[in-house]
Structure formats: C-alpha cells, structure tokens
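Lettering follows sequence order; numbering is per chain, from 1.
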Amino acid sequence: MAELKLFRTWSSPFALRVVWALDLKGIQFDTIFEDLSNKSSLLLQYNPIYKKVPVLVHNGKPLAESLVILEYIDETWKQTPLLPEDPSERATARFWAKFGEDKVLPSVYNVFIKQGKDQEEAIVTAHENLRNLEGLISGKKFFSGETIGLVDLAFGWLANLLGVLEEVMGVTLIDHEKYPFLLTWMHNFADAPIIKESWPPRDKLITKYKALHEAYTPKEAPK
Amino acid sequence: MGEVKVIGASLSIICCRIEWALKLKGVQYEYIQEDLRNKSPILLQCNPVHKKVPVLVHNEKPVAESLVILEYIDETWKENPLLPKDPFEKSTARFWARFVDEKFIPSAWAACCAQEHEQEKAVESAQELLGILDKLIEGKKFFGGETIGFLDLVVGSLPNWLKFMEELSGIKLFDAEKFPSFHEWATKFVEIPIIQEHIPMPEDLINYVNTAGLAKTILGSAAMANKK
C-alpha cells in the first residue's frame, strides 16, 4: 500500500478537511500531530513556504494548502468523488471554496478578534458574505447536492467551530431567522457519517478559543 | 464549441491570463472592455459576488476568479494543456499559483507602499519571495517545462507590473542581477507574440495612473513621500 502521512494538529479546521476527504474515500493514512509552538523539522522540510498544517505526504512527496490537497486526493483516488465531472460545475465549486477562504473565514474571524465599533462593522461584513451561503444552500441537503463534496468540506468548519467562536465571543452570527437553510446544512453535515467521527472535542476547543479571545481583548484600566 | 466572452479591463494584470489561455488554445472569443469606475450591468450580473474582472462567459454561463477560469478553460478545451496530467505535478502548479496571488503579489505591493521605517523589512520580504520564484524557474524554459503552462500565465504579467510599481513608488525590487533566472524567463516570455498582444506595459500603466490621478490612491500618502 502506498505510504500516506498527514501532518495535522488536533484542532486545525484546515487539516480536518483532509481527514474527512481521506475518510470519505476509505483511504488509510498515518497521522503526525504537530505542536505549532514547536514545529518538527519534518514539517519545516515539507512545507518551507508556509510552515503550516495540513501537509499530506504521499510516497515521500509533500503537498500543502488544504484545498490543493483536497483536489489532489480527488484526482488520485476516484471513489466517492468530491468534485463533479462537468467543468462548469467544477468551476462553481472551486469559486465557492475560494470565496469561503478569501471572504467568509477571514470576516468571521474578524468578528471574533475585534471589539466595539470595529466589531459592529466586522459583523456587517460577515453577514454580507454569509448571506451568499444561505442563498447557495437553500433547498439542498449539501452544497454539492445529495452527497458531501468539496464545498461542504471547505465550509465544514461552520458546522462546529463557528458555534465555539459564537459562544466564546458572545455574538451569534447564524440564527434561525436569517439563516434557516444554512443552519439545517450545519446540522446535516455535523451529524453525517464519517464527518461526525472526527470532530475535535468541543470543551477543548472552547478552552483554546477562550484563551485566544482573551489575548485579543484589551484589558480594562484599573479603577 | 459555444459562444465565449471575456469581460475584462485592458490594463488588468489578471485579465491577460485569461486571454492568453484562450489564445494558446485557439479559442475565439468576444472581449468586453469594462470601465471599472463605472461597472456595466453585464459585469454586475455575471459576477454579483465580487463585481470584478475577469469574468469568462461560456454559453451564457459566467465563471469568475482568474485561477478558477484558467482551470475551466483547461478542462473545456483540451489542446495545448496548461496543467500537467500527473496529479502531484498539477497540485504543485496550483500551489505555486496560489503562492503568487496570496503571498507574492501582496508582499510586493506592501513593499512599494511601505512607510519609510518599515520599508527595508518589507522590501526584504518581497525579495525573499521573488528569490523563491527565481529558484523555481532556474534551468527551465518555462514554469510549465518545455511549453507555456498554468504558472507562466499566472506570473506572466508580473515583471511588467513590478516595473510599473517600482516607477510609481521609487522602490527597487526586481534586480536582474539578484534574480537572473526570473529575469531571463521574463525577457523571453514577453517577446512571445501571443503574450505580447495582451500584456499591460509598464508605461501604459504609469500613464493611466498619472492621467487618472490614482498614484496617491494606490500608494497611500506615506509612500508618496518616499518617491524620489
């Protein structure tokens, strides 16, 4: 069997996408958990440009950037395809995956790290981006149709990490009123076979993001 | 194989990627020139999410985002393939294309707009990344190997763009001596007829920016003060 290794952390939502893709296709792989405060020499050798996880090493050849890795997996192992065959539909999937990376994720993170008026503005931007997803998913079980695909994996972090961020920062972005379809997708995805088996422990995520949130919150001046 | 339109802007360093790809594959298309300060209804309809160029419209179906468009073109018209067949080599090309768009271009931009006290560090960062591109092309005719490939189209307009940004800001980034392989590739690439027909020239970019009074907008007031 070909040698397949995945460098990841326990919490990285990007690495989780790769775990899901491999698990959905029933591919065996070894996992190397990284401590990002003390990166291994192997990680630095395999991903010298970004020095990040995930890195997938297949037969000694490393690949970085989760969405690039997902497409590699899809092209190398043909079962349970993540992308459709039709070029136009493939382009649409890639467009939305990129939109998620370039716009949705940063705008939600901005809400998390900002306060006061800056946060209010960040919330407006986040909704502008999220509204597109509500329109995109409406009426469908998954973004890719009846089965999970690339776009679902790309947005997967919304199904568990978003709730953690919302709880820690005390701001709800996805509510029933504005995002009924997106919420339904989040529940469908979170509970889907294979997907639900790999969620990082919620309490550990809460602890991690509480600490991160505190680091971004200015301390009150002593009274 | 159906009606093809490209919505673009002639001085865009991104839109030219699309025209090159179509020309290399011998695909006929209609070009619609946008005035980005007064966006047309067709652009807003075809790219409502970003409202940006380029947009490819094939049989009335729009595709946006240049890297997405390039892959669509490569999958739809099979002659003169842009991406290699091998999944690993294909992924490598995709990785570097993202590196250019997400890391190199913003870094070069930041170096040219940096305030004086940050300039040295910003230039150093940008040149480090340029060094990576230089190493990548070393010993090769094209980024794609023996023939023009995906990454050549992605990087293609950057040497001219760097010259333009350098003239605008007074910052020197693209030193031919420091980056000889990249310089050699750039010199030859821009002379290829198909490429030459659709490449924004530094002098045209400078003229446009000066005529439209955009220098301050592009560089920011601090960087303007650095101009020699």
Side-chain angles (χ1 to χ4, degrees), chain A residues 2 4 18 46-52 54-78 83-107 128-133 135-136 150-151, chain B residues 1-2 4 18 46-52 54-78 83-104 106-107 125 128-129 131-133 135-136 150-151:
Chain A
L4 196 58
V18 181
Y46 284 141
N47 191 3
I49 302 290
Y50 297 106
K51 307 178 176 52
K52 285 183 183 178
V55 173
L56 187 73
V57 186
H58 187 205
N59 293 332
K61 292 201 255 183
L63 281 166
E65 295 295 281
S66 62
L67 295 181
V68 173
I69 296 172
L70 288 188
E71 291 224 38
Y72 175 80
I73 290 171
D74 210 35
E75 283 159 11
T76 306
W77 294 278
K78 304 286 189 189
L83 277 170
E85 298 253 341
D86 172 64
S88 177
E89 291 176 42
R90 290 164 76 85
T92 302
R94 287 173 177 140
F95 174 88
W96 287 112
K98 190 171 200 299
F99 176 76
E101 289 302 75
D102 293 350
K103 297 283 183 192
V104 180
L105 191 61
S107 67
E128 278 167 12
N129 293 324
L130 289 164
R131 267 199 289 273
N132 284 296
L133 301 189
L136 192 64
L150 184 93
V151 180
Chain B
M1 222 181 126
V4 181
I18 310 309
C46 289
N47 191 1
V49 175
H50 300 298
K51 306 175 177 51
K52 284 185 178 174
V55 180
L56 180 83
V57 188
H58 183 210
N59 292 330
E60 297 183 23
K61 287 202 247 181
V63 185
E65 294 293 290
S66 68
L67 299 185
V68 176
I69 299 172
L70 287 180
E71 293 228 34
Y72 175 82
I73 290 171
D74 211 31
E75 286 167 2
T76 305
W77 293 280
K78 307 282 192 191
L83 280 167
K85 273 208 169 74
D86 171 66
F88 183 79
E89 288 177 43
K90 199 187 275 200
S91 300
T92 304
R94 286 178 177 140
F95 173 88
W96 288 115
R98 282 159 170 265
F99 166 82
V100 169
D101 278 3
E102 291 165 21
K103 223 165 147 77
F104 177 68
S107 174
S125 294
E128 197 185 313
L129 301 183
I132 292 171
L133 289 178
K135 260 213 119 59
L136 205 58
F150 189 74
L151 195 54

message = Just verifying a value: how many Å separate Ser91(B) OG and Lys61(A) NZ, rounded to the nearest 0.5 Å?
response =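 Between Ser91(B) OG and Lys61(A) NZ, I get 10.0 Å after rounding to 0.5 Å.
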message = To the closest 0.5 Å, what do you measure between CH2 (Trp96(B)) and CD1 (Ile49(A))?
response =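 Answer for the CH2-CD1 pair, Trp96(B) versus Ile49(A), is 3.5 Å.
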Just give me the residue among [options] that pairs up with chain A most often, heavy atom to heavy atom, under 4.5 Å.
options	result
Val68(B), Ile69(B), Thr92(B), Asp74(B)	Val68(B)
Glu65(B), Lys90(B), Arg94(B)	Arg94(B)
Pro62(B), Pro48(B), Ala64(B)	Ala64(B)

query = For Asn129(A), is it the side chain, the backbone, both, or neither that has a heavy atom closer than 4.5 Å to a heavy atom of chain B?
reply =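 Contact with chain B is absent: no heavy atom of Asn129(A) under 4.5 Å.
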ask   = Looking only at heavy atoms, what is the nearest atom pair of Val63(B) and Ala91(A), with distance?
value =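 Scanning both residues completely, I find the closest heavy atoms to be CG1-CB, 3.8 Å.
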inquiry  = Heavy-atom cut-off 4.5 Å, strictly under: side chain, backbone, both or neither for Ile132(B) against chain A?
reply    =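 Ile132(B) touches chain A through side-chain heavy atoms alone.
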Is any side-chain heavy atom of [X] less than 4.5 Å from a side-chain heavy atom of [Y]?
X	Y	result
Val49(B)	Lys103(A)	no
Glu102(B)	Glu65(A)	yes
Phe95(A)	Tyr72(B)	no

ask   = How would you list, by chain and number, every residue that makes a side chain to side chain donor-acceptor pair (under 3.5 Å) with Glu75(B), sequence neighbours excluded?
value =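 Glu75(B): side chain to side chain donor-acceptor pair (under 3.5 Å) contacts with Arg90(A), Arg94(A).
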